[in-house]
Amino acid sequence: MQTRYIPEEHEQKIYDLWQQAQAFNPDHNKQKKNGKTKPFSIIMPPPNANDPLHIGHAMFVALEDTLTRFHRMRGDDTLWLPGTDHAGIETQFVFEKKLQKQGKSRFQFDRKTLYQMIWQYVQDNSNTAVDQIKKLGASCDWSRFKFMLDDDVVRLTKETFTKMHEDGLIYRDIRLVNYCTKCGTSYSELEVQSLEQTTNLYYVRYPLLDSPKEHIVVATTRPEPIFADTHLAVHPKDKKHRQLIGKQVCNPLTQKPMSIIADEFVDPKFGTGIVKLTPAHDANDFAVAQKHKLPAHIAITREGKLTELAGKYAGLKVAEARIQIVADLQTQGLIEKIDTSYKNTVKICYKCSRVIEPLPLPQFFVSVNKPNNSLTKAALRALANKETKIYGAGREKILKHWLTNLHDWNISRQIVWGIRMPVWYQTDGYEAAITVSFLNKKGEYTSGTLGELLKKYSIATIKKGLQSLLADASVPYQVGDTAPSNSHNYLPETDTFDTWFSSAQWPVTTLKTTKQGDFARFYPTTLMETGYDILPFWVMRMMLLGIYLTGKSPFSEVYLHGLVRDSHGKKMSKSKGNVVNPLDMVEKYGADAVRMALVIRSTPGIDKSVGERDFIAMRNLTNKIWNATRYVLLQDREDSPTAPGDVVVEKKRAQLSSKLTKLLLTRKIGVAADVTYDAFWHWFCDDCIESHKKAEISTTCLSATLQTFLQLLHPFMPFVTEVCWRELCPDSLLINSAWPT
RNA sequence: GAACUCGUAGCUCAGUUGGUUAGAGCGCCACAUUGACAUUGUGGAGGCCAGAGGUUCGAGUCCUCUCGAGUUCACCA
């Protein structure tokens, strides 16, 4: 043996050895404990198949593999199920950027071609992700690997939609949705971020209809959709303004009459105490309009341009229109003043950071709090009765807060990459209410209402080349994977599911499609381990749909790791240039060092600072393990069977094992790693080996203690411990050995 | 506006459900060492555990308040 441990000489060989022995597969690992074994299962958070792994992935691999190996060694029926995600919008976004670099855009491709291009891209990346996870030493069962777009997973995902639809938990209706005009899709409330900004608050004059010389002043940050407004509102108890209720003013852009109504939502103290109502483009106004049955005129298109209602401004982008409209109003003397230092918060797209446009669109929603079938209340019950326990610094409260304030979930996405919603719209009799875009026989994009298009094209042609479809809320639809077989004509939905709709079912859809019996054997799973940043996106929704589908919460424990930060506690980002690539570190210091550096002294829910110095420190530990093994191997084991100090060493060894077991069972993984490190280095190496040199403890005892340490360290640092174990016991595998008690 | 987290050695962080004298890694100082390991060993300096009150036989740990840092949610015409 060399004086130094060189990871790259061993890691691949050891990993192959484990795989050959089928050590990761619970079906080949029915060992040890005679009779009953307890199941232990983790579903791996499927990495997005769009980018190489980052340090956060290394974190989850390290933590999950540590627990998996620990439980496997304890003799539990252990499954760690790997997979990858198609990651709908994320992937399409990354792919579009790639296209952009090549000077192309998604609009140059029909949906079938685009889908296939992304499919290929994702396959390549998915393979890279799998290779990288293997390099980190993950002992997950690759024979059960699942991909979110596997046929069987897709089928189950659609079945869930159908079932929920039948149960009245899915509805289609016009709601004000968060629409990103750049990404070309709507989002749920979770994908929208807030940004505080300084903006102009315009005080606009609305002339009274009766006496045009007088006017009412209304403050607004968004003057551009004024032409679509038909009402103003005041608070009913506002003494200053209530005499205005029922009066009429002129729309300053269209000169059309507008009525003044009363509603409690108006804050008399804000601005002038009078609000203009833009029901189609503001959440509050939308709600008020519904209450008072006011019309909602659409002023802004899905492309972010003004509609024909805008007259001479039609077709202008929102920002440009604002400038022109304000200028025109000023020349007419209809702007009283402009407050240029007004602070407000706008919603922006979490992907491209553009301002979100609230648009009224017919979309599919999951009803999350239906009175007699509340998904959120069921999840809250699971938390209250500890069916699911959360590890992660106050995150349970945050989860409860989400669950008690959640709005219905918009699951329609206007993107190609994803699982297409199994929905069919009846076209007969609704030709005017359906707008489509399709490729004609010459391959040209053609769009318009179905009524117009059917004058020139057959329904079959349109169906064949269909690119996108938008049906009014009034159009009847059927849910199903294939077109309904009746006398009507149907066109399919072109929207795909929110990516989280499929990942919310992941624990169920994976275990139901791997091996016969897996679902009964491993569901509910033991533990879900992931970053706290996707608690509402993923963990919460897995609870919602998992409980809905099975009656049981999908996991009994949730371990939320913190985000990995740089050595100064700063967030890693490409622009700061402080991103640590885990695979580079694996090449330099070995997988064991990377894993241990991430895990040691980490705490659930608390961010973890990691720098190169930490990897070096843990690389030194691998070397220490290697050299302690060398020392033992150099001894003649027959030489000294017993010595006076053995009893104490054996007792302490047993104490350590049981302490560590307790720590790992209570998921104090960071402490467990710390305790093991300390005991190995400062007790075994510094004391035991030195005592052995003085013949105070026997070689037999020293060797046995080393073996125990290799076992205790194995969950954290699997490669080096396995290498050393095989030097001591060439015929067995450490991964399969029984956890010391 | 609200919730959550954090404040411990020069830096980055632990502190195992309240229990001797508060720990680690890195850094610093001195010394040692040619048969496990310099990716080493021995010894050392360095902390009013943010501050103030409280509970307790006992508080870094539990409670209240203050200050400071960060994250998230909500509202905004």
Side-chain angles (χ1 to χ4, degrees), chain A residues 1-6 189-190 193-194 196 199 201-204 217-223 229 232-234 265-267 270-278 282-285 288 342-346 392-402 405 532-533 535-536 562-563 565-571 589 593 596-597 600-603 605-635 659-660 662-675 677-678 681-682 685-686 689-690 692-693 706:
Chain A
M1 286 173 87
Q2 297 161 284
T3 59
R4 287 178 188 187
Y5 173 67
I6 319 272
E189 58 184 322
L190 304 196
Q193 291 182 333
S194 300
E196 198 179 66
T199 185
L201 184 63
Y202 304 93
Y203 287 76
V204 182
V217 179
V218 173
T220 179
T221 54
R222 294 203 68 178
D229 295 348
L232 300 182
V234 299
F265 98 101
V266 182
D267 177 0
F270 187 89
T272 60
I274 307 167
V275 188
K276 75 184 182 76
L277 293 179
T278 313
D282 178 275
N284 271 325
D285 299 359
V288 174
Y342 179 67
K343 278 204 174 99
N344 76 344
T345 311
V346 285
R395 306 288 159 182
E396 179 156 357
K397 278 193 180 175
I398 291 173
L399 178 56
K400 283 179 178 164
H401 184 261
W402 273 108
N405 295 289
Y532 65 74
D533 51 331
L535 175 67
L563 307 184
R565 293 167 174 272
D566 76 2
S567 58
H568 298 287
K570 294 259 155 44
K571 213 170 180 175
Y589 304 113
M596 192 59 158
I600 194 163
R601 272 167 268 128
S602 72
T603 314
I606 305 287
D607 292 351
K608 172 78 177 159
S609 265
V610 174
E612 198 138 353
R613 61 172 189 217
D614 300 292
F615 298 120
I616 292 171
M618 294 306 135
R619 186 272 316 269
N620 294 352
L621 175 61
T622 61
N623 197 55
K624 196 77 177 169
I625 296 168
W626 171 264
N627 274 298
T629 307
R630 277 181 67 217
Y631 177 83
V632 170
L633 284 167
L634 290 169
Q635 312 306 314
K659 184 181 189 177
L660 206 57
K662 208 178 282 173
L663 287 170
L664 286 172
L665 285 176
T666 52
R667 313 307 182 208
K668 294 179 190 301
I669 308 172
V671 177
D674 198 20
V675 164
Y677 174 103
D678 186 66
W681 198 305
H682 300 298
C685 294
D686 292 352
I689 291 183
E690 294 310 313
H692 178 266
K693 286 177 184 170
L706 175 62

Asker: Under 4.0 angstrom, heavy atoms only, what part of the nucleic acid is A/Asp267 near: base, sugar-phosphate, or nothing?
Answerer: base
Asker: Mapping A/Arg630 and A/Arg222 onto RNA chain B by nearest heavy atom, which one lands closer to the 5' end?
Answerer: A/Arg630
Asker: Across the strands shown, which category fits A/Ile689 at heavy-atom distances under 4.0 angstrom: base, sugar-phosphate, nothing?
Answerer: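 Touches a base.
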Asker: In whole angstroms, how far is the P atom of B/C4 from the CH2 atom of A/Trp402?
Answerer: 16 Å
Asker: Using modelled atom types and a 3.5 Å cut-off, is there a donor and acceptor pairing between side-chain atoms of A/Asp614 and backbone atoms of A/Gly611?
Answerer: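 Yes; judged by distance alone, with no hydrogens or angles, the pair exists.
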Asker: Between B/G25 and B/G46, how far is it from one C1' atom to the other, in whole Å?
Answerer: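 16 Å, rounded to whole Å.
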Asker: Please determine, for the side chain of A/Asp686, which listed nucleotide (B/C73, B/A36, B/G41) has the closest atom?
Answerer: B/G41
Asker: Given the C1' atoms of B/A50 and B/C67, what is the spacing between them in whole Å?
Answerer: 8 Å
Asker: Any chance you could lay out the side chain to side chain contact (heavy atoms under 4.5 Å, CB included) test for A/Lys343 and A/Glu196, step after step, and finish with the verdict?
Answerer: CA-CA 7 Å; A/Lys343 278 204 174 99; A/Glu196 198 179 66; 3.9 Å; yes
Asker: Applying side chain to side chain contact (heavy atoms under 4.5 Å, CB included) to A/Leu277 and A/Asp229, what does each step give before you reach the verdict?
Answerer: CA-CA 6 Å; A/Leu277 293 179; A/Asp229 295 348; over 6 Å; no
Asker: Please classify the nucleic acid contact of A/Tyr5 as base, sugar-phosphate, or nothing, using heavy-atom distances under 4.0 Å.
Answerer: nothing
Asker: Looking at B/A24, B/U16, B/A36, which one has an atom nearest to any side-chain atom of A/His682?
Answerer: B/A24
Asker: With P as the reference atom in both, quote the distance from B/A30 to B/A22 in angstrom, rounded to an integer.
Answerer: 27 Å
Asker: Determine the Euclidean distance between corresponding P atoms of B/G23 and B/G68; express it in Å to zero decimal places.
Answerer: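 So the two P atoms sit 33 Å from each other.
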Asker: Can you check whether any acceptor in the base of B/C73 is under 3.5 Å from a donor in the side chain of A/Ser194, or vice versa?
Answerer: no
Asker: Side chain of A/Val671 only, heavy atoms from C-beta on: which candidate in B/A14, B/G25, B/A74 is closest?
Answerer: B/A14
Asker: If you look at every strand shown and take non-hydrogen atoms under 4.0 Å, does A/Trp626 touch a base, only sugar-phosphate, or nothing?
Answerer: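 No contact at all - A/Trp626 keeps every heavy atom at 4.0 Å or more from the nucleic acid.
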Asker: Heavy atoms only: give me the nearest A/Ile600-A/Ala673 pair and the separation to one decimal.
Answerer: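 Minimum heavy-atom separation between A/Ile600 and A/Ala673: CA-CB, 3.8 Å.
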Asker: For A/Lys571, answer base if it contacts any base atom (sugar-phosphate contacts may also be present), sugar-phosphate if it contacts only those atoms, and nothing otherwise; contact means non-hydrogen atoms under 4.0 Å.
Answerer: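 Result for A/Lys571 = nothing.
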Asker: For B/G19 versus B/C31, give the span between their P atoms, rounded off to a whole number of Å.
Answerer: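 Pairwise P distance, B/G19 against B/C31, rounds to 41 Å.
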Asker: On the side chain of A/Lys397, is there an atom forming a donor-acceptor pair with the base of B/C4 - under 3.5 Å, no angle test?
Answerer: no
Asker: Considering residues, nucleotides and ligands other than A/His568, do more than 12 of their heavy atoms fall under 6.0 Å from its NE2?
Answerer: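 Open: at most 12 neighbouring heavy atoms sit under 6.0 Å from NE2 of A/His568.
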Asker: I need the CE-C1' distance between A/Met618 and B/A14, as an integer number of Å.
Answerer: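 Spelled out: CE on A/Met618 to C1' on B/A14 is 12 Å.
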Asker: Can you see if the side chain of A/Asn620 gets near the phosphate of B/U40 - specifically, an N or O under 4.0 Å from OP1 or OP2?
Answerer: yes
Asker: Answer yes or no: does a side-chain N or O of A/Lys693 lie under 4.0 Å from OP1 or OP2 of B/A36?
Answerer: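 Result: yes.
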Asker: Could you write out each protein N or O paired with an N or O of nucleotides 8-13 of chain B at a distance under 3.5 Å?
Answerer:
unit_1: B/U12; atom_1: O4'; unit_2: A/Arg613; atom_2: NH2; d: 3.1
unit_1: B/U12; atom_1: O3'; unit_2: A/Ser609; atom_2: OG; d: 2.9
unit_1: B/C13; atom_1: OP1; unit_2: A/Ser609; atom_2: OG; d: 3.0

Asker: Please give the distance between the P atoms of B/U5 and B/C75 as a whole number of Å.
Answerer: 23 Å
Asker: Considering non-hydrogen atoms only, spot the tightest contact between A/Met596 and A/Met618 and give its length.
Answerer: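 Where A/Met596 meets A/Met618 most closely, the heavy atoms are CG-SD, 3.5 Å.
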Asker: Hey, does the side chain of A/Arg619 come within less than 4.0 Å of B/U39's phosphate (OP1/OP2), counting only N and O?
Answerer: no
Asker: Would you check, one step at a time, whether the test side chain to side chain contact (heavy atoms under 4.5 Å, CB included) holds for A/Arg630 with A/Thr3?
Answerer: CA-CA 8 Å; A/Arg630 277 181 67 217; A/Thr3 59; 3.5 Å; yes
Asker: With the side chain of A/Ala617 defined as its heavy atoms from C-beta on, choose the nearest nucleotide among B/U39, B/G25, B/C73.
Answerer: B/G25
Asker: Between B/U56 and B/C13, how far apart are the C1' atoms? Round to whole Å, please.
Answerer: 30 Å
Asker: Kindly give the heavy-atom pair with the smallest separation between A/Tyr5 and A/Asn623, and that separation in Å.
Answerer: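 Looking at all heavy atoms of both residues, the shortest contact is N-OD1, 3.0 Å.
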Asker: Less than 3.5 Å apart, any donor N or O on the side chain of A/His682 or A/Tyr677 sitting next to an acceptor on the other?
Answerer: no
Asker: Of all the heavy-atom pairs spanning A/Val275 and A/Val266, show the shortest one and how long it is.
Answerer: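 Taking every non-hydrogen atom into account, CG2-CG1, 3.6 Å.
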Asker: Using a 4.0 Å heavy-atom cut-off, does A/Ala393 contact any base of the nucleic acid, only the sugar-phosphate backbone, or nothing at all?
Answerer: sugar-phosphate
Asker: Pick the C1' atom in B/U34 and in B/C28, then give their distance to the nearest Å.
Answerer: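 It works out to 28 Å between them.
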Asker: From the list B/C37, B/C75, B/C4, which nucleotide is the closest neighbour of the side chain of A/Glu690?
Answerer: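 Of B/C37, B/C75, B/C4, B/C37 is nearest to the side chain of A/Glu690.
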Asker: Taking A/Arg601 for the side chain and A/Val671 for the main chain, is one N or O donor matched with an acceptor at less than 3.5 Å?
Answerer: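 No, the answer is negative, given that no donor and acceptor are paired below the 3.5 Å cut-off.
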Asker: By nearest heavy atom, map A/Tyr677 and A/Ile616 onto RNA chain B; which one lands nearer the 5' end?
Answerer: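 This one resolves to A/Tyr677.
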Asker: Can you give me the dot-bracket string for RNA chain B, 5' to 3', counting Watson-Crick and G-U wobble pairs with both distances under 3.5 Å, using [ ] for crossing pairs and | for partners on another strand?
Answerer: (((((((..((((.....[...)))).((((((....).))))).....(((((..]....))))))))))))....
